[in-house]
Every structure is written in C-alpha cells, then in structure tokens.
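Notes follow once the structure below has been shown.
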Amino acid sequence: MFGIPGKQAVTITPAAAAQIQRLMTRDGSQGLRIGIKKGGCAGMEYTMDYVSQINPHDEIVEQDGARVMIAPTAQMFLFGTIIDYETSLLEQGFRFRNPNVADACGCGESIKFKDLAELQTEQAQRPA
C-alpha cells in the first residue's frame with residue numbers, strides 16, 4: 001500500500017526474527033501484525049497481535065523465517081522502523097526504533113508521531 005519500491009517497510013533484527021519465529025511456531029500463527037491506535041499519555045500506542053489469517057491489505061515483511069504484517073492504517077507511521085527484541089536483567093520484549101516518532105512518554109508505552117507533512121517529506125527523501 002505505502003512504500004518505496006525495493007525497500008522493506010520495516011527491518012527486523014535477528015533477535016526479533018528469532019522470537020517472532022518461535023512464537024509463530026508455538027501458536028501456529030501466520031505471523032505478527034503490528035499497528036497503531038490512539039491511547040497513552042503521548043497519544044498513540046503500538047499494537048501487536050499474532051494472527052491466523054493474513055489481511056490482503058497488510059504490508060508483509062518476511063525475514064529469517066519471521067513474518068510481520070503491517071496494518072494499512074499504520075504503514076505510513078511505521079515505515080523505516082527497526083523492530084528488535086531485547087532481554088535485560090529486569091525485562092524483555094519487542095522494541096521499536098521508529099524514525100517517525102517525535103516524542104514518547106516516560107514509560108515508553110506511548111508515542112507521538114511527527115505531523116503528516118513532515119513524515120511525507122522525510123520518507124520521500126530516504127534512499128531506496
């Protein structure tokens with residue numbers, strides 16, 4: 001739907017791909033669908049769901065046996081994002097390094113995106 005020819009919408013690190021693949025196998029899912037919704041103190045939140053059926057309008061990224069589907073309403077906001085999976089002494093989970101985020105709340109659960117005109121300009125200037 002939205003994208004730059006020859007460039008994946010998101011990048012999945014090897015750690016994230018391994019975790020997604022493990023969970024796909026465990027749950028028998030087709031992959032991980034990511035999106036965004038209104039919420040949190042900064043205004044928007046990421047959503048993540050393992051799905052059994054692929055939506056034909058989703059942008060699909062496959063890497064190292066992992067499959068990520070990007071919901072149509074989130075594609076412009078997630079383009080260029082690096083999805084990682086981190087494990088530390090106190091927590092573990094997926095992390096999004098998203099160049100389209102203007103601000104985030106202190107707890108890291110919600111985000112605010114750059115305005116639409118700024119996103120379109122930046123994404124048009126990114127190399128393929």
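Along the sequence shown, residues are numbered consecutively beginning with 1. Small disclaimer: the values here were computed from a predicted structure and weren't measured.
The distance from atom CD1 of Ile36 to atom OH of Tyr46, rounded to the nearest 0.5 Å, is 8.5 Å. Atom CG of residue Asp49 and atom CG of residue Leu32 lie 8.0 Å apart, to the nearest 0.5 angstrom. In this structure, the separation between CZ on Arg95 and CD1 on Ile83 is 13.0 Å, given to the nearest 0.5 Å.
Panel note: side chain Gln75, backbone Ile70; a donor-acceptor pair is recorded below 3.5 Å. Of the possible polar contacts, one joining the Thr47 side chain to the Gly35 backbone as a donor-acceptor pair under 3.5 Å is found. Under the 3.5 Å distance criterion, the side-chain polar atoms of Gln19 are left unmatched by any main-chain donor or acceptor of Tyr85.
Partners of Glu62 by salt bridge (Lys or Arg N to Asp or Glu O under 4.0 Å), not counting sequence neighbours, listed by chain and number: Arg67. The salt bridge (Lys or Arg N to Asp or Glu O under 4.0 Å) test applied to Arg22 returns no partner, not counting sequence neighbours.
The nearest pair of heavy atoms linking Asn55 to His57 is OD1-N, 2.8 Å. For the residue pair Tyr50 and Ile20, the shortest heavy atom distance occurs at OH-CA, 3.8 Å. Of all non-hydrogen atoms in Pro99 and Gly80, the two that sit nearest each other are CD-O, 3.4 Å. Minimum heavy-atom separation, Asp64 to Ala17: CB-CB, 3.9 Å. Of all heavy-atom pairs spanning Asp58 and Ala71, the tightest one is OD1-CA, 3.6 Å. Nearest approach of Ser52 to Gln30, heavy atoms of both residues: O-CG, 3.1 Å.
Grouped with Met69 in one hydrophobic cluster are Val51, Ile54, Ile60, the linkage being side-chain heavy-atom contacts under 4.5 Å among Ile, Leu, Val, Met, Phe, Trp and Tyr residues.
Here the side chains of Val10 and Phe79 are not in contact, with every heavy-atom distance at 4.5 Å or above.
Under the 4.5 Å side-chain heavy-atom criterion for Ile, Leu, Val, Met, Phe, Trp and Tyr, Ile34 and Leu23 are members of the same hydrophobic cluster.
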